[in-house]
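Working notes for the structure below.
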Amino acid sequence: MSRLLAHLNEPQRTAVTLPAEHALILAGAGSGKTRVLITRIAWLISTGQVHPRELLAVTFTNKAAREMTTRLGALLALETRSMWIGTFHGLCNRMLRAHHREAGLVQSFQILDSADQLAVIKRLLRGLGVDDVRFPPRNLQHFINSAKEEGLRASQVETGDDYSRQMAEFYRLYDEQCQREGVVDFAELLLRVDELLARNELLREHYQLRFRHILIDEFQDTNRLQYRLLKRLAGAGSALFAVGDDDQSIYAFRGANVGNMSAFEREFKVPNLIRLEQNYRSHGNILRCANALIANNAHRLGKTLWTDAGHGDQVRIYEAPSDIDEARWLVSRVQALIDEGHARSDIAILYRSNAQSRVLEHALFSAGIAYRVYGGLRFFERAEVKHALAYLRLMENPGDDGAFLRIVNFPPRGIGARTIEALQDAASSTGGGLHDAAGTVAGAGGARLAAFVEMLARLRAESADLDLPASVELVLSASGLNAHYSAEREGQDRLENLRELVNAAASFEADPGRGLSSEDFTALAGGAGQVAGDGGAGAGAETDEAAPAPALSQLAEFLAHASLEAGDNQAADGADALQLMTVHSAKGLEFDAVFVTGLEEGLFPHENSLSENDGLEEERRLMYVAITRARQLLHLSFSQTRMLHGQTRYSLQSRFVGELPPDALKWLSAKGRGAAAGWQGGADAAWEGSGRSTTARYGAQPQRPPAAQADPATRNFDRGIAYRVGQSVTHAKFGEGVILAIEGRGEDARVQVNFGRAGAKWLALSLAKLQAAG
DNA sequence: TCGGTTCAGAGTATT
DNA sequence: TCTGAACCGA
């Protein structure tokens with residue numbers, strides 16, 4: 001035990017050894033948050049306070065869950081299998097399989113990923129004959145998911161107007177359709193469990209008694225439903241241990257509610273609030289930047305990072321004339337770091353949006369520096385893999401119409417749109433699924449449909465005697481997928497992915513404990529069956545046989561695994577490579593050297609965020625995350641011009657640069673000229689060197705594209721002024737300013753003008769009476 | 001049923 | 001500029 005605590009600092013040790021009470025750990029970036037969480041678990045178990053099966057640890061990503069399991073295994077040298085460590089969705093999947101009857105689901109229900117869900121919605125709307133311009137499927141998807149993440153069913157959604165009433169009605173129909181087809185979307189997994197525990201007292205008590213310690217990582221990222229679920233799981237005797245950092249809350253846009261942190265403290269009367277503020281990652285100047293920046297946010301729980309590691313290098317900052325030059329500069333710095341002996345994989349290039357990677361990649365490619373871009377399609381999201389999975393899903397659950405439609409004519413087998421239409425008519429007249437109606441369609445199409453369904457039945461029968469990878473292999477050959485991609489000119493990669501799917505099935509079979517452990521699952525299903533049986537609380541649709549549910553088939557487990565874990569989202573790893581990613585995907589990672597690029601107004605902070613509630617503060621937190629990724633070296637860069645949407649945009653330095661302590665920065669380009677003088681936002685912001693006019697500022701800046709030169713952004717409009725970037729203009733209300741950008745033409749033309757005190761504004765030329773000035 | 005053309009839209013993302 | 005989706009002609 002003392003070995004466990006030996007290397008912890010005072011607050012860390014306090015957190016780890018807290019009594020079995022609720023606790024909120026405010027853990028700053030690089031303060032050893034994961035370590036505390038893992039050591040806490042290890043301490044609880046090794047001191048005999050809790051049995052591993054009485055523990056529940058929840059994370060947001062499979063990666064985090066895996067890391068936790070691995071590190072814990074190394075620390076404890078004991079079987080971690082009986083512990084529940086996983087994502088919210090993994091946890092709920094497990095519970096729903098075990099209590100499918102009480103939850104009103106078939107045991108083999110399939111899980112829809114976002115793309116599957118969208119397909120279901122499109123199909124629903126098309127079936128209803130809904131105008132998809134007035135009701136775009138994506139909007140409905142968002143509507144449904146947001147509602148579910150708030151814990152609301154269609155009947156509970158507030159409907160003030162016709163539009164939302166209509167959306168709520170679609171939501172209701174969507175749920176009905178999913179229920180009919182035996183499919184469940186991501187949010188539904190959680191909502192089902194929440195509702196199940198809400199109404200089934202015995203089941204609730206069962207879990208509340210079992211989970212004496214509930215630990216949750218990245219608590220600032222929980223949404224309302226997840227928090228509600230946690231409350232549901234925590235009984236009178238449970239201790240909730242939440243670790244999070246409000247300053248790193250960057251997922252409000254997808255429903256995360258930082259307010260859960262203060263709500264938790266209030267509602268649970270949390271007796272233990274511990275701040276971890278000592279940072280073990282970054283040098284002092286980097287932390288000073290992080291602290292100074294985040295201090296500009298108003299709504300914080302409050303925390304200041306410190307280190308005893310020394311100041312380290314100053315933060316380098318560079319202003320480039322163009323995005324291409326920024327990339328060129330970056331390549332030269334990276335090359336220098338590599339020459340100094342840094343591993344490429346210890347260097348990260350971060351950007352606000354994915355579109356920025358192109359210029360960077362181009363420069364890196366030309367320079368011959370190996371790099372790896374995070375993001376993009378993941379393994380289980382690839383079309384060929386989804387096709388193969390659809391066969392498997394249909395074997396497992398014939399009611400899955402989405403899977404049916406995906407593969408009924410893939411590879412092509414002469415079942416066209418007309419046949420499908422007839423099939424859909426037949427199905428809707430009986431109220432059943434497409435699979436079951438396939439025998440009733442007449443004609444040549446009907447015969448092909450029948451053959452298809454026969455093939456599925458054959459696959460189902462033949463795979464019964466095979467293990468999982470062999471079943472997958474059987475499907476690949478019998479379905480014609482292998483043959484199809486072999487014949488395709490560019491099918492080699494796809495074939496390889498299909499082979500990889502067989503491998504994935506093999507390794508899943510070898511180590512199912514990673515997702516669902518069959519043993520534990522069976523035990524749970526049996527035990528819970530008792531619980532439900534005692535109270536007669538079964539709410540399931542089926543009421544036959546009282547025997548304990550048979551264990552879920554391995555195929556069903558594998559399919560759930562495929563939906564819940566989409567696989568790596570990074571390009572193939574291999575050689576030591578530079579890391580390129582968005583700031584969002586860098587969260588939780590750290591590197592020796594970090595480059596944060598594109599620090600420009602409109603890009604970072606992103607212009608779209610400015611119109612959102614607390615959008616700017618979230619952008620600032622994002623910048624905080626970016627800064628705190630660096631261990632030794634932090635580079636910041638921005639560019640005066642950037643190619644965006646096919647047009648050159650003229651940008652100002654991000655306001656965030658101005659929020660950093662000047663003496664922590666080392667300018668690698670001339671500072672304080674032109675755009676580099678800083679964005680001055682808000683009415684109360686003072687101009688640096690206020691004696692100068694805005695005109696003079698630009699006038700004094702020769703490397704800015706000279707206004708008179710042929711500039712694609714120069715346009716003449718009917719008013720007779722040659723509007724061009726850099727032109728000084730006067731506005732009746734805002735006074736004198738300088739044009740930063742021009743967009744559109746004719747009646748739609750608008751210009752962005754920096755008015756200094758009043759900030760940068762977009763004005764429609766057809767409305768704003770601008771006069772040439774200076 | 002396919003392939004080419006046209007058009008709109010372009011922010012971050014896990015399960 | 002570039003991408004993905006929708007659409008049309010063969």
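A, B, ... follow the sequence lines: proteins, then strands. Residue 1 opens every chain.
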Validation row, ring centre A/His584 to ring centre A/Phe253 under 6.0 Å: yes
Under 3.5 Å side-chain donor-acceptor pair for A/Asp245 and A/Gln220: no
Distance-only polar pair, side chains of A/Asp400 and A/Asn397, donor-acceptor under 3.5 Å: no
Nucleotide B/dT14, atom C1' - distance to CG of A/Leu112 in whole Å: 16 Å
Touch class at under 4.0 angstrom, heavy-atom based, for A/Ser114 against every strand present: base
Integer-rounded Å distance: B/dT14 P and A/Tyr374 OH: 13 Å
Length of the NZ-C1' vector between A/Lys63 and B/dT14, whole Å: 12 Å
Distance, rounded to the nearest Å, where A/Glu149 contributes CD and B/dT14 contributes C1': 10 Å
5' priority, DNA chain B, between A/Gly416 and A/Ala566 [closest heavy atom]: A/Gly416
Nearest-angstrom distance, C1' atom, B/dT12 to C/dA5: 22 Å
Identified side chain to side chain donor-acceptor pair (under 3.5 Å) counterpart of A/Asp194 within the set A/Lys148, A/Arg228, A/Lys231, A/Gln226: A/Arg228
Euclidean distance, atom CD1 of residue A/Ile111 to atom C1' of B/dT15 [Å, nearest integer]: 9 Å
Which residues share a side-chain hydrogen bond (donor to acceptor under 3.5 Å, both in side chains) with A/Glu421, sequence neighbours left out: none
Value in whole Å for how far the P atom of C/dT1 lies from CG of A/Asp323: 13 Å
Separation of atom CZ in A/Arg192 from atom C1' in B/dT15, rounded to whole Å: 17 Å
Touch class at under 4.0 angstrom, heavy-atom based, for A/Asn62 against every strand present: sugar-phosphate
Option passing side chain to side chain donor-acceptor pair (under 3.5 Å) with A/Glu600 (candidates A/Arg655, A/Gln653, A/Arg649, A/Arg642): A/Arg642
Give each protein N/O atom lying under 3.5 Å from an N/O atom of nucleotides 2-12 of chain B, with the pair distance.
{"residue": "B/dG11", "atom": "O4'", "partner": "A/His606", "partner atom": "NE2", "Å": "3.3"}
{"residue": "B/dG11", "atom": "N7", "partner": "A/Asn608", "partner atom": "ND2", "Å": "3.4"}
{"residue": "B/dG11", "atom": "O6", "partner": "A/Glu612", "partner atom": "OE2", "Å": "2.5"}
{"residue": "B/dG11", "atom": "N1", "partner": "A/Glu612", "partner atom": "OE2", "Å": "2.9"}
{"residue": "B/dG11", "atom": "N2", "partner": "A/Arg352", "partner atom": "NH2", "Å": "3.0"}
{"residue": "B/dG11", "atom": "N2", "partner": "A/Glu619", "partner atom": "OE2", "Å": "3.4"}
{"residue": "B/dT12", "atom": "OP1", "partner": "A/Asn354", "partner atom": "N", "Å": "2.5"}
{"residue": "B/dT12", "atom": "OP1", "partner": "A/Asn354", "partner atom": "ND2", "Å": "3.1"}
{"residue": "B/dT12", "atom": "O4'", "partner": "A/Arg352", "partner atom": "NH1", "Å": "2.9"}
{"residue": "B/dT12", "atom": "O2", "partner": "A/Arg352", "partner atom": "NH2", "Å": "3.1"}

Touch class at under 4.0 angstrom, heavy-atom based, for A/Asp116 against every strand present: nothing
Residue A/Arg358, side-chain heavy atoms: nucleotide from B/dT14, C/dC2, B/dT15 that is nearest: C/dC2
Atom-pair distance (CG on A/Asp132; C1' on C/dA5), nearest Å: 11 Å
Along DNA chain B (nearest heavy atom to each residue), the more 5'-positioned of A/Glu381 and A/Asn409: A/Asn409
A/Arg254 to A/Tyr251, cation-pi by 6.0 Å centre distance and 45° axis angle: yes
